[in-house]
Amino acid sequence: MNMVTIDKVKDWLFALSDIYSENREYLTELDSAIGDADHGINLDRGFSAVRAEIEKMSSGGVQGAAGQSPDSFSSLFKTVSMTLIKTVGGASGALLGTFFLRISQAVKSEKEMDGRELVSLFEKGVEGIKMRGHAEEGDKTMLDTWLPALRAMGDAASSGGSTGEILSAGLKSAEAGMNATKDMKALKGRASYLGERSIGHLDPGAVSSCLMIKAASEILR
Ligand code: ADP
Ligand code: MG
């Protein structure tokens, strides 16, 4: 099975910084329909800070602001978490910060991992989002992308799929889950204040999570 290495994870995080910068207007537009028009701005700010922090910690052995070294998964993910909590703001800052914190705490192999291990880390991260936000599938949040994606990844992993196959299966279900948020009524977060009027719009967090999984499927395979 193809291994997920530290370099691949860094490439994924750098790609997210580009992707959220490119999709800043789109995500903000989605959030202007059912929220407060800041989701793209939040993620662009957060992931560009993540990029800067990783570059700082990777340059000539100088440790990052968080005092972490860049060559283990747990310290890399912990740095991502702390940076997002500090810089993103909004509901998504706390939720994504928790996602990466739980991942950093669940790491078993520090240098490389296989696809199965990656899925189990994503599961831990998403458990953190559920605990923190008290949302469930169907509430029109990022969980409507992540939970179907995790089920598909789990199925592909247990039937012996390669890392690439696991992630591709996850992406397919993530896209379906994201699209399904359009017809949902929001029950959690800012969009829930709109009640029925939240119906007919994609959830911004579901879309940004799908972009995260898409990048993972292209880079971590
Ligand atoms: P805010 O809503 O504080 O302005 P953002 O706009 O950055 O924060 O993020 C909004 C996204 O956060 C929503 O589209 C939704 O996917 C996600 N979200 C909000 N509340 C929750 C929650 N309780 N659980 C999971 N996701 C949530
Ligand atoms: Mg918002």
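First listed ligand is number 1; within each ligand, the first listed atom is number 1.
Residue Met142 approaches ligand 1 through these ligand atoms, each under 4.0 Å from one of its heavy atoms: 12 (O), 16 (O), 17 (C), 26 (N). Interface atoms of ligand 1 facing Asp31, defined by a heavy-atom separation under 4.0 Å, are 6 (O). The Gly90 neighbourhood of ligand 1 comprises atoms 3 (O), 8 (O), with distances under 4.0 Å to a heavy atom of that residue. Below 4.0 Å from some heavy atom of Pro204 lie the following atoms of ligand 1, by number and element: 14 (O).
One finds the NZ atom of Lys140 at 9.0 Å from the NZ atom of Lys182 (value rounded to the nearest 0.5 Å). Of the inter-residue distances, the one linking Thr145 atom OG1 with Asp203 atom CG reads 7.5 Å to the nearest 0.5 angstrom.
A tilted orientation is assigned to the rings of Trp12 and Phe100, their planes being inclined by 30° to 60°.
Of all the heavy atoms of Arg190, the ones lying under 4.0 Å from any atom of ligand 1 belong exclusively to the side chain.
Using a cut-off of 4.0 Å between Lys/Arg side-chain N and Asp/Glu carboxylate O, Arg51 and Asp18 are scored as salt-bridged. Salt bridge absent: Lys86 and Glu53 never bring a charged side-chain N and a carboxylate O closer than 4.0 Å. In this structure, Lys185 pairs ionically with Glu196, as a charged nitrogen and a carboxylate oxygen lie closer than 4.0 Å.
Pairing each heavy atom of Ser173 with each of Pro148, the nearest pair is CB-O, 3.5 Å.
Closest protein heavy atom to atom 20 (N) of ligand 1: Gly189 CA, 3.5 Å. With hydrogens left out, the protein atom closest to atom 16 (O) of ligand 1 is Asp203 OD2, 2.5 Å, a heavy atom. Here the heavy atom of the protein found nearest to atom 23 (N) of ligand 1 is Gly133 O, 3.0 Å. Here the protein heavy atom with the shortest distance to atom 7 (O) of ligand 1 is Ser92 OG, 2.5 Å.
Below 3.5 Å of separation, one finds no N or O of Ile129 facing any N or O of ligand 1. In terms of polar-atom proximity, defined here as any N/O pair under 3.5 Å, Ala135 makes no such contact with ligand 1. Residue His39 places at least one N or O, backbone or side chain, under 3.5 Å from an N or O of ligand 1.
More than 12 heavy-atom neighbours from other residues, nucleotides or ligands sit within 6.0 angstrom of NZ on Lys188.
For the pair Val126/Leu143, a side-chain contact is recorded, criterion being any heavy-atom separation below 4.5 Å from C-beta on. Considering only heavy atoms from C-beta on, Leu96 stays 4.5 Å or farther from Val88 through its side chain.
For atom 19 (C) of ligand 1, the candidate residues are Ala37, Ala91, Gly35, Ser209; the nearest heavy-atom contact is made by Ala91. Taking only non-hydrogen atoms, the option from Leu95, Asp36, Val88, Asp38 nearest to atom 21 (C) of ligand 1 is Leu95.
Contacts of Ile6 classified as side chain to side chain contact (heavy atoms under 4.5 Å, CB included), with partners at least two apart in sequence or in another chain: Lys10, Phe73, Leu76.
For the Mg ion (ligand 2), the tally of protein N/O/S atoms lying closer than 2.8 Å stands at 3.
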Side chain to side chain contact (heavy atoms under 4.5 Å, CB included) evaluation trace for Ser74 with Glu110: CA-CA 7 Å; Ser74 55; Glu110 287 290 7; 2.6 Å; yes

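Asp44 places no side-chain N or O within donor-acceptor distance of the main-chain N or O of Arg24, the cut-off being under 3.5 Å.
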